[in-house]
Amino acid sequence: MEQTLSIIKPDAVKKNVIGKIIDRFESAGLRIVAIKKIHLSECEAKAFYNVHKDRPFFNDLVKFMVSGSVVAMVLEGENAVMKNRDLMGATNPKEAKPGTIRADFAESIDANAVHGSDSLENAKIEIEFFFSKREIC
Ligand code: ADP
Ligand code: MG
């Protein structure tokens, strides 16, 4: 059993497809063991994406992530980290396989509908960023 962090980004929240995206996770056998809708501050978004701080797209990414509310979730299941990444599709929706979340709900590489932890190690760090122990059940 693994846990991973998923975020439904502001573009998908604005499109009103939270339920449709959650259905992808549940239909694939992942369980939502924690969930919250929040509007990140600039400081929080910068801290969350700190690994990308030297990339040319960092400022735009932070601006986008604070442009509206997001839904953060802990997904639990067998092989949850990779399963979530497969369900998400490639970072650039134009390269994402048909039937993936990004192919179906995202417009561009900047506004690409979802975030998912890329390793078990980062999943732990990202889950702790959003949730306290008592919020996960
Ligand atoms: P992923 O979200 O697939 O793990 P990365 O961790 O590489 O992708 O990048 C984090 C986020 O930064 C992406 O989801 C995307 O929103 C944004 N991003 C990545 N690469 C670019 C790029 N070349 N131009 C604009 N935004 C980008
Ligand atoms: Mg990433």
Side-chain angles (χ1 to χ4, degrees):
M1 274 302 198
E2 285 180 6
Q3 290 185 342
T4 190
L5 184 86
S6 168
I7 304 174
I8 302 178
K9 294 184 177 182
D11 58 320
V13 171
K14 282 189 188 125
K15 276 189 194 160
N16 208 21
V17 292
I18 294 170
K20 286 188 173 132
I21 291 176
I22 286 177
D23 182 50
R24 302 287 175 103
F25 301 136
E26 293 187 333
S27 296
L30 294 170
R31 256 170 211 286
I32 292 154
V33 294
I35 185 164
K36 64 172 70 162
K37 189 176 188 208
I38 52 167
H39 197 141
L40 291 171
S41 70
E42 192 177 317
C43 184
E44 288 168 329
K46 279 184 175 160
F48 183 76
Y49 277 118
N50 190 48
V51 288
H52 295 308
K53 67 178 186 303
D54 297 324
R55 309 282 288 275
F57 57 79
F58 180 70
N59 283 336
D60 286 341
L61 175 60
V62 168
K63 222 187 266 176
F64 167 65
M65 289 303 286
V66 306
S67 67
S69 55
V70 300
V71 176
M73 285 167 283
V74 179
L75 306 177
E76 186 178 86
E78 250 173 63
N79 207 18
V81 174
M82 285 321 296
K83 199 179 258 185
N84 180 38
R85 294 293 306 193
D86 287 345
L87 292 168
M88 288 164 62
T91 306
N92 185 346
K94 292 182 176 69
E95 289 162 14
K97 280 194 201 131
T100 60
I101 294 168
R102 281 168 166 169
D104 292 346
F105 299 110
E107 304 307 326
S108 67
I109 193 163
D110 326 74
N112 61 2
V114 278
H115 166 85
S117 309
D118 61 7
S119 67
L120 200 50
E121 189 190 1
N122 284 337
K124 282 205 173 69
I125 296 166
E126 293 181 356
I127 288 168
E128 275 180 28
F129 183 92
F130 279 96
F131 295 97
S132 66
K133 280 236 156 57
R134 60 175 287 277
E135 289 176 303
I136 303 171
C137 40

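For ligands, and for the atoms within them, numbers begin at 1 and follow the listed sequence. All residue numbers refer to positions in the sequence shown, counting from 1. Values reported hereafter were calculated over all heavy atoms of this structure, with side chains retained and with hydrogens, waters and symmetry mates removed.
Between L75 and F25 the shortest side-chain heavy-atom distance falls below 4.5 Å. Using a 4.5 Å heavy-atom cutoff, the side chains of V62 and N59 are not in contact.
Classification of the H115-F48 ring pair by plane angle, with boundaries at 30° and 60°, yields perpendicular.
A heavy-atom cutoff of 4.0 Å around ligand 1 is satisfied by the protein residues K9, H52, F57, L61, R85, T91, R102, I109, D110, N112.
Of the possible polar contacts, none joining the R85 side chain to the D118 backbone as a donor-acceptor pair under 3.5 Å is found. Although no hydrogens or angles enter the test, the distance criterion places a donor-acceptor pair under 3.5 Å between the side chain of R102 and the main chain of V114.
Contact check on K46 versus E42 returns a salt bridge, with a Lys/Arg side-chain nitrogen under 4.0 Å from an Asp/Glu carboxylate oxygen.
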